[in-house]
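The structure appears below as structure tokens.
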Amino acid sequence: MTDVLGVLVIARNGDRTEYYQDPNTYESSYTESTALGAAESHQLGSFLRSTYMSSSSPSYIADMKTDLVDTHEVHVHAKAGGEGPVVFDSAIALLQGLFPPNLANKIVLANETTVVAPLGGYQYVPIETVEPGNDKSLEPWTDCPAFEQHIADVYSSSEFRETAKAAAPFFGSVRDYVFGRATTLENAWNIHDYMSTELSHNKTYAHRLPPTLVEQARGYADFHENAIFSDKDVGGIGNLAGRTILHTVLNSLTRIAFNGDPLQFLLIETSYHPFISLFHMLEMTKENPEIAAIPNYASALAFELRRGPAPEDRDFIRIKFKNGTSGGFETYHAFGHRSDIAATEFIYRIENYAITSQKQWAAACSAGFEDEWLHIGTKNAISSTVFAVLAAVFLLGMFILSKFIKSARTRAQNTRIRLADDEVSQPHLLPQSQYQNYGTLSTVGPGIVPF
């Protein structure tokens, strides 16, 4: 089946500076992208272009405009929370590889002057940032009491405690290379992130670090993140990152399948978290346990919508994953299938677990924490009410002040008018010596009051 109707790609950001996440809440710190990260994402964009926009590729999207971007056919979403700045930079770099500068990106003006876009025809592709304050689809785990409880449950589980006990020698040996950071399994993500970042960017550190330590740190970080961002129940809170992004996945695939919708390529640039959840939710880890881990920088998970062979005339979904910058796409199968899965079956089996709104996210995060959630909501409601009252008082004060100023100006203007009338329109009040200035007054007859 080579007739690809369209594709949705979930891409991880490229390399960046150290990124700390609180082990208990996953509140994050500041980080910024690097030139290496931009290069990795640009490479991924070029790879996606060769895969889906080259006529020689078996995954070529035949009906898509490939030289100059058509913003009706291509949509881009980028996570704004957490690693947001890095994710946005990675999206820009990826799009530069996906739609490179083209001299055909030009305009002919009315005076017959031809103007080519800057940088040799640079193509500006709109990016829709997903702010967690308005849309939790790409960062649902923050400010979520139920997820924080899930983290605590993972840490208190027998499997985690046994792994922590086995890891004690490693965390003892790595203490001299993490400079005051907590050397515990709970902090495994931050230990590995610091070590791998320094190993890439710090020559002195790279020369000091003993062999195998960073690989061991990665193994414990994989164990940690896989436990946090997965769940035995498909609809469990551990899969929250996958459940919220799933709505966009299903909605986009439906749009691509609909002949009246021009969408053919959707890119979701985000962090590593939803990859892990989706791998578990789609049962991809059962046959491929090695992917139950943190995906590398600039990884990509693709959902291709393909038209089946005649006489079925049905649409199928093929799932591909590219782990980092090395190698190409590998095909994975969902729900134990040995081939592509029918789109109708894929949607039927997973759609009920998708979180489609802020209201559903709030319900999932408050499950078992109604009192705490109510308390948070009450505090927010009180704050909003106080703010509204203060705003109303301020506006009323401004209204009264404006009325007072207007009234004062009117009185002042009327006073000036009366003074002018007294001086000019009532000369009978002037001394007799000044009557000569009003020549007509000297001829008035008896009984006529001078004007």
Side-chain angles (χ1 to χ4, degrees), residues 19-28 139-175 177-178 180-196 212-244 271-295 335-336 350 353 355 363-373:
Y19 177 58
Y20 175 84
Q21 297 182 103
D22 186 296
N24 299 308
T25 64
Y26 274 75
E27 292 292 335
S28 57
E139 191 173 334
W141 52 87
T142 56
D143 301 320
C144 180
F147 191 80
E148 292 180 19
Q149 181 59 51
H150 164 72
I151 296 173
D153 292 341
V154 169
Y155 291 163
S156 62
S157 67
S158 58
E159 182 182 7
F160 193 90
R161 290 198 302 268
E162 291 171 4
T163 303
K165 184 178 180 180
F170 162 75
F171 286 113
S173 64
V174 81
R175 185 172 291 110
Y177 302 96
V178 296
R181 290 164 178 80
T183 51
T184 62
L185 185 58
E186 288 83 353
N187 202 41
W189 157 264
N190 295 310
I191 292 295
H192 171 259
D193 191 74
Y194 173 77
M195 294 177 64
S196 61
T212 75
L213 278 189
V214 72
E215 289 81 7
Q216 293 181 66
R218 173 61 186 260
Y220 289 120
D222 284 340
F223 169 80
H224 185 280
E225 297 307 292
N226 183 63
I228 297 297
F229 288 96
S230 67
D231 203 294
K232 294 179 180 179
D233 180 6
V234 178
I237 194 67
N239 286 328
L240 188 62
R243 294 179 62 195
T244 53
S271 53
Y272 70 89
H273 311 79
F275 285 81
I276 300 173
S277 297
L278 287 174
F279 291 157
H280 283 274
M281 294 178 70
L282 301 178
E283 300 179 8
M284 294 165 56
T285 56
K286 289 185 176 181
E287 297 290 334
N288 306 277
E290 72 279 1
I291 64 174
I294 304 167
F335 304 118
I350 203 70
Y353 301 108
I355 292 177
C365 285
S366 62
F369 292 86
E370 285 77 7
D371 292 340
E372 180 178 348
W373 197 264

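Along the sequence shown, residues carry numbers from 1. Predicted, not measured: the structure shown is a model, and the values here were computed from it.
Across all non-hydrogen atoms, the minimal contact from Asn239 to Ser230 is OD1-CA, 3.3 Å. Summarising the geometry of Arg243 relative to Val234, their closest heavy-atom pair is CD-O, 4.1 Å, with the distance given to 0.1 Å. When every heavy atom of Ala166 is checked against every heavy atom of Pro169, the shortest pair comes out as O-CD, 3.4 Å. Contact detail for Ala146 and Ala364: the closest heavy-atom pair is CB-O, 3.5 Å. Taking all atoms of both residues into account, the shortest heavy-atom contact from Ala182 to Ile191 is O-CD1, 3.3 Å. When all heavy atoms are compared, the tightest approach of Thr183 to Arg175 is OG1-NH2, 3.4 Å.
Ring geometry, Trp189 versus Tyr19: the interplanar angle exceeds 60°, so the pair is classed perpendicular (tilted spans 30 to 60°). A tilted orientation is assigned to the rings of Phe171 and Tyr220, their planes being inclined by 30° to 60°.
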Could you check His192 against Asp222 for side-chain hydrogen bond (donor to acceptor under 3.5 Å, both in side chains), going step by step and ending with a plain yes or no?
CA-CA 9 Å; His192 171 259; Asp222 284 340; over 6 Å; no
side-chain contact (heavy atoms from CB on, under 4.5 Å) evaluation trace for Ile291 with Thr285:
CA-CA 6 Å; Ile291 64 174; Thr285 56; 4.0 Å; yes
Please determine whether side-chain contact (heavy atoms from CB on, under 4.5 Å) holds for the pair Ile350 and Tyr353, giving the CA-CA distance in whole Å, both sets of side-chain angles, and the decisive distance to 0.1 Å.
CA-CA 6 Å; Ile350 203 70; Tyr353 301 108; 4.3 Å; yes
Under the side-chain contact (heavy atoms from CB on, under 4.5 Å) criterion, do Glu27 and Asp143 qualify, and how do the steps go?
CA-CA 9 Å; Glu27 292 292 335; Asp143 301 320; 3.6 Å; yes
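Counting heavy atoms from C-beta outward, Ile151 and Tyr26 have side chains that approach closer than 4.5 Å. In this structure the side chain of His224 reaches within 4.5 angstrom of the side chain of Tyr155, judged on heavy atoms. Looking at heavy atoms from C-beta onward, Phe160 lies out of side-chain contact with Asp153 at the 4.5 angstrom threshold. Counting heavy atoms from C-beta outward, Pro140 and Ile355 have side chains that stay 4.5 Å or more apart. Side chains of Leu213 and Met195 form a contact here, defined as non-hydrogen atoms less than 4.5 Å apart. Considering only heavy atoms from C-beta on, Phe223 comes within 4.5 Å of Glu159 through its side chain. Taking the side chain as every heavy atom from C-beta outward, Cys365 and Pro145 approach each other to under 4.5 Å. Contact annotation: the side chain of Phe279 never approaches that of Asn226 to less than 4.5 Å [non-hydrogen atoms, C-beta and beyond].
Between the Asn24 side chain and the Ala152 main chain, no donor and acceptor come within less than 3.5 Å of each other. With hydrogens and angles ignored, the 3.5 Å screen pairs no side-chain donor or acceptor of Arg218 with any backbone N or O of Ser196.
Heavy-atom contacts from other residues, nucleotides or ligands closer than 6.0 Å to CD of Glu290 number more than 12.
Note that CG of Leu185 and CZ of Arg161 are 12.5 Å apart. Values are rounded to the nearest 0.5 Å. Atom CG in Leu240 sits 10.0 Å away from atom CG in Asp231 (nearest 0.5 Å). Rounded to the nearest 0.5 angstrom, Glu283 CD and Leu278 CG are separated by 13.0 Å.
Taking the six-membered ring for Trp and the full ring otherwise, Phe229 and His150 have centroids separated by 6.0 Å or more.
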